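Structure first, commentary second.
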Amino acid sequence: MTTFLVLGALVAVATALGLIWKSGQGKLRASATHSVIPAEFLTPGTTTLLQFTTEMCGPCAALKPQLQKIALYRSDITHREVDAVDHIDLASKLNIRSTPTTLIVSDTGEIRGRINGVAPARVFLDAVDGTPTATQENTQ
Amino acid sequence: MNAHSPSGIDPRGPRFGAAITATLLLITVGAGLETAGTPAADLATRVSEFPFVLLTVLSALFLWGFIGGITRHPYGAIFKKIVRPRLSAPEFLESAAGPTFAQGVGFVVTAVGVVLHISGVPFGLVGAAGAAFIAAFLNSVFAYCLGCEIYLVFAKRGITFGLDRRFGGTPAEVSDPQI
């Protein structure tokens, strides 16, 4: 009986941890950093979806074509992919702790929000357009 | 990409393997609980116990996956031959580096449990198996790769364990996954 209770508790803890992690994925959050993104990562006149990725990141590969498609259909949006390991200083300054993390950056380099993980295209579009349907939370 | 993974892997492969691993680790914990607090006094008895043997086998499989690469892991072969033909094509492929490194993390955690049990440390085996179970469960159920996150931490410090040379490159979006 005790064995089953312990095993049940172990599964419950693992499930709770997974749900906590999942609840933080795919949501637009306000950026706590006041860093300005360098111009080399921006395209003048457009909002940039700055996707931080790494070579070993599986979900990054899933998100990339989705963001590319958004940029293809919206001339005011640009998608840029940045390897977090290759740009370690920038990633550390922006507190990139997991990938994919996508920053919504204005054409002046101001960070308007960040989205951890994979999310539907609507979330990114809402983030760019500033519509209230996106879940906005404070971060860090 | 190199010969191990010319076009990336099906991300469902490692999750399938993690599900098997999580189940076996849960069995290990369940079987080891009864004597976890009071390990047998003599070494011969301790190393012949079922939970110890099972955790040792799992640890060896983790080591196999880390050294040989996730594409050569036995669970990957099962997935490729039996499971994947019954599934639709994956939406994307991922690099083998992260899951391969995760195998290394799994090896370290389970090896600690093996060593602690050999040393007669109470709850050492079930503690390590429980920790490894949580990681495997998160991977299989939630697609959360703890090892991949740990890899990022090391990679940020320039430590890649040679995995960037073995599996470096961006996975192509093609439909010829290795597992």
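Proteins get letters first, then strands, A, B, ... in listed order; numbering begins at 1 in each. Bear in mind the structure is a predicted one, so any value in this text is a computation, not a measurement.
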Point to revise | Most chain B-contacting option - heavy-atom pairs closer than 4.5 Å, from A:Thr2, A:Leu19, A:Thr54 | key: A:Leu19
When hydrophobic residues are tied together by side-chain contacts of less than 4.5 Å, even through go-betweens, does [X] share a cluster with [Y]?
X        : Y       : value
A:Leu49  : A:Tyr73 : no
B:Val126 : B:Val47 : yes
B:Phe50  : B:Leu58 : yes
A:Ile96  : A:Val36 : no
B:Val115 : B:Leu63 : no

Shortest non-hydrogen separation from [X] to [Y] and the atoms involved:
X        : Y       : result
B:Phe92  : A:Pro59 : CE1-N, 4.3 Å
B:Val29  : A:Leu7  : CG1-CD2, 3.8 Å
B:Phe142 : A:Trp21 : O-CZ3, 3.2 Å

Practice item. Using a 4.5 Å cut-off on heavy atoms from C-beta on, say whether the side chain of A:Leu10 contacts that of B:Phe133. Key: yes
Check your understanding: What part of B:Leu138 gets closer than 4.5 Å to chain A, counting heavy atoms only: side chain, backbone, both or neither?
Key -> side chain
**Study point:** Interface moiety of B:Ala143 toward chain A, non-hydrogen atoms closer than 4.5 Å
**Key:** backbone
Review point. Can you name the ring-ring contact (aromatic ring centres under 6.0 Å, His included) partners of B:Phe107, sequence neighbours left out?
Key: none
Exercise for review: Give me the contact list for residues 11-18 of chain A versus chain B, heavy atoms only, anything under 4.5 Å, ordered by residue number.
Suggested key: A:Val11, A:Val13, A:Ala14, A:Thr15, A:Leu17, A:Gly18
